[in-house]
6 protein chains.
Amino acid sequence: MPLVDIQLIEGVFDTSQKQDMIRKVTDAMVAIEGEAMRGVTWVRVHELPGGNWAIGGKSLSAADVKGMQRKSA
Amino acid sequence: MPLVDIQLIEGVFDTSQKQDMIRKVTDAMVAIEGEAMRGVTWVRVHELPGGNWAIGGKSLSAADVKGMQRKSA
Amino acid sequence: MPLVDIQLIEGVFDTSQKQDMIRKVTDAMVAIEGEAMRGVTWVRVHELPGGNWAIGGKSLSAADVKGMQRKSA
Amino acid sequence: MPLVDIQLIEGVFDTSQKQDMIRKVTDAMVAIEGEAMRGVTWVRVHELPGGNWAIGGKSLSAADVKGMQRKSA
Amino acid sequence: MPLVDIQLIEGVFDTSQKQDMIRKVTDAMVAIEGEAMRGVTWVRVHELPGGNWAIGGKSLSAADVKGMQRKSA
Amino acid sequence: MPLVDIQLIEGVFDTSQKQDMIRKVTDAMVAIEGEAMRGVTWVRVHELPGGNWAIGGKSLSAADVKGMQRKSA
C-alpha cells in the first residue's frame, strides 16, 4: 500500500519513458505518504493494444495518440 | 489515455492529501507525455476499507499504515 | 466470460439508470457474442466518490458531471 | 467518465466484433447519460489468453467458449 | 508480486469469512510460489453493493447469493 | 460471484503452476462460500511483462523474482 496502476496504449511510449513514469509517480506518492512507505509503494504499467481503447466510440491507435501529442496544449 | 488508478487504504490520507496525489501524479505523467495530453490524462483514487488489504496474509488497518509511516525510512 | 465493468462517479445516476445500463450493455454484448452466452455475461457497476476522479488534474464532482450533461452535445 | 472495461478471452472475437462491441456499448451508455457525455465516454477491450480464465476451477480455452456459443440459448 | 484481488457482493460474507479468504488464498499462493514470497504476496477484498453485479442482465442482491448458497451443489 | 484476479509477473510461473493456482484458489474460496457456488466462482490469471511492476520505484524482472524465491523465508 499504496498501489498505482498506470494504463497506456501500446506503442506510444518507449521503455525508458515507462521507467521514467514509474520513478516519477513513485516519487510523487512518496512525497505525500512519507519516505518510510517507499518499500511498500507498488507502481505498475499496463499497456493495451492500439484499437482497444476508445473515446466517444472512436478507437485510438498509437499513431492517433502521437498526433494528439504533437498538437500544442 | 493515459489512465492512472491510485489505490489506498481508507483513513490514512485526508482529502487534501488525495487531491495533492491527483495533481502531482497528473503532473508527473504530463511531464513525460507532453502538455497536450493533459486534457485526456485521467487520475482516480480508490480507497479500500482497513482490514481488506493484506500483506503476507496479515490485514492492514489504517492505524497499521500510520505506524509504518512513522518508522524512519 | 465476458465481464464488463462500468465505472461511474457516485451521485450522477440513480438506481434505475444503473439497472438500465446493466440491461442495455448486457444486450449489446449478447447481440454480438450470441444469446447462448447470456448466462455467462457478467456486468458490474462501480461508483467512485465525487472528487476521486480527475481529468487533467481537475477533480470532478457529481455536480460537475451533471453540468457537463446539460451542455448540448 | 464513464469508463467501461470489456474483458474477453483472446481468440473468440475478431477485430470487427470487438470494434462493434465498443460502438454498441458506447451507444448504450450515451443513450442513458446523454449525448453531451459522448466525448468523455471511454470504452476499452481487454483480452486474456485462453487458459487464464476459469469458471468453477476449469480453465476456458477460446475453443471452449466457441463451443458454448454454438449451444442454443 | 503477486497481487490477488477477491471481489464479492456486499452483505454475503462476514468479517471473519473475509479474513479467512485472505489467509486461505495467501496460503494457496505461497504453497506454489514459495514461503520466501509471503512478505510480497498481497491479497485484497473488494465488495460491490448488491444490485451492482449482474449475471445475464439480472442484478444479484446479497439475498439472491445466499439463496444460491443454500442450493445443494 | 465471486471473482478472483491473480496478478503475476510474466516468466516466473509456468503453465502448470498457474493452473495449480487457479485450482487451489478456487478450492480455497469454495471452502468458505460453499460447494453450491463453485459454478459461479471465476478465477483469472493476469501476467504483466517484467519491468512493468515496480516496488519502491525499482522495476522487477522475472529473474529478480526468481532470486527472491530462492532466498529462505
Side-chain angles (χ1 to χ4, degrees), chain C residues 1-70, chain E residues 1-33 37-73:
Chain C
M1 205 290 297
L3 169 62
V4 182
D5 282 307
I6 299 170
Q7 300 138 79
L8 309 170
I9 288 177
E10 222 166 68
V12 178
F13 301 101
D14 61 32
T15 299
S16 81
Q17 286 177 305
K18 287 181 276 185
Q19 294 307 311
D20 205 15
M21 284 176 186
I22 285 175
R23 278 189 301 273
K24 281 194 163 77
V25 166
T26 300
D27 291 345
M29 292 298 292
V30 168
I32 296 162
E33 63 194 6
E35 192 57 45
M37 298 294 286
R38 184 177 290 275
V40 286
T41 299
W42 289 14
V43 175
R44 307 188 301 183
V45 172
H46 308 256
E47 291 190 293
L48 214 55
N52 281 24
W53 190 316
I55 295 182
K58 188 190 169 308
S59 293
L60 296 174
S61 65
D64 292 330
V65 178
K66 293 192 175 187
M68 290 161 75
Q69 288 181 303
R70 282 191 296 270
Chain E
M1 207 288 300
L3 169 62
V4 182
D5 282 308
I6 299 170
Q7 299 138 79
L8 310 170
I9 288 176
E10 223 164 69
V12 177
F13 302 101
D14 61 30
T15 300
S16 81
Q17 286 177 305
K18 286 181 276 185
Q19 293 308 310
D20 205 15
M21 284 176 185
I22 284 175
R23 278 189 301 272
K24 281 194 162 77
V25 166
T26 300
D27 290 345
M29 293 298 293
V30 168
I32 296 161
E33 63 194 5
M37 298 295 285
R38 184 176 290 275
V40 286
T41 299
W42 289 13
V43 174
R44 308 188 300 183
V45 172
H46 308 257
E47 292 190 290
L48 214 56
N52 281 25
W53 190 317
I55 295 182
K58 188 190 168 306
S59 294
L60 296 173
S61 65
D64 291 330
V65 178
K66 293 193 175 188
M68 290 162 73
Q69 288 181 303
R70 283 190 295 270
K71 282 186 198 143
S72 69

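Scope of the values below: all heavy atoms of this structure, side chains included, with no hydrogens, waters or symmetry mates. Proteins come first, then strands; the chains are lettered A, B, ... in the order of their sequence lines, and each starts at number 1.
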Step by step, work out the side chain to side chain contact (heavy atoms under 4.5 Å, CB included) result for E:Gln7 and C:Arg44.
-> CA-CA 11 Å; E:Gln7 299 138 79; C:Arg44 307 188 301 183; 2.9 Å; yes
Which distance, rounded to the nearest 0.5 Å, do you find between the CD1 of E:Ile55 and the CD1 of C:Ile22?
-> 11.5 Å
Rounded distance [0.5 Å steps], CD in C:Gln19 versus NZ in E:Lys58 | 10.0 Å
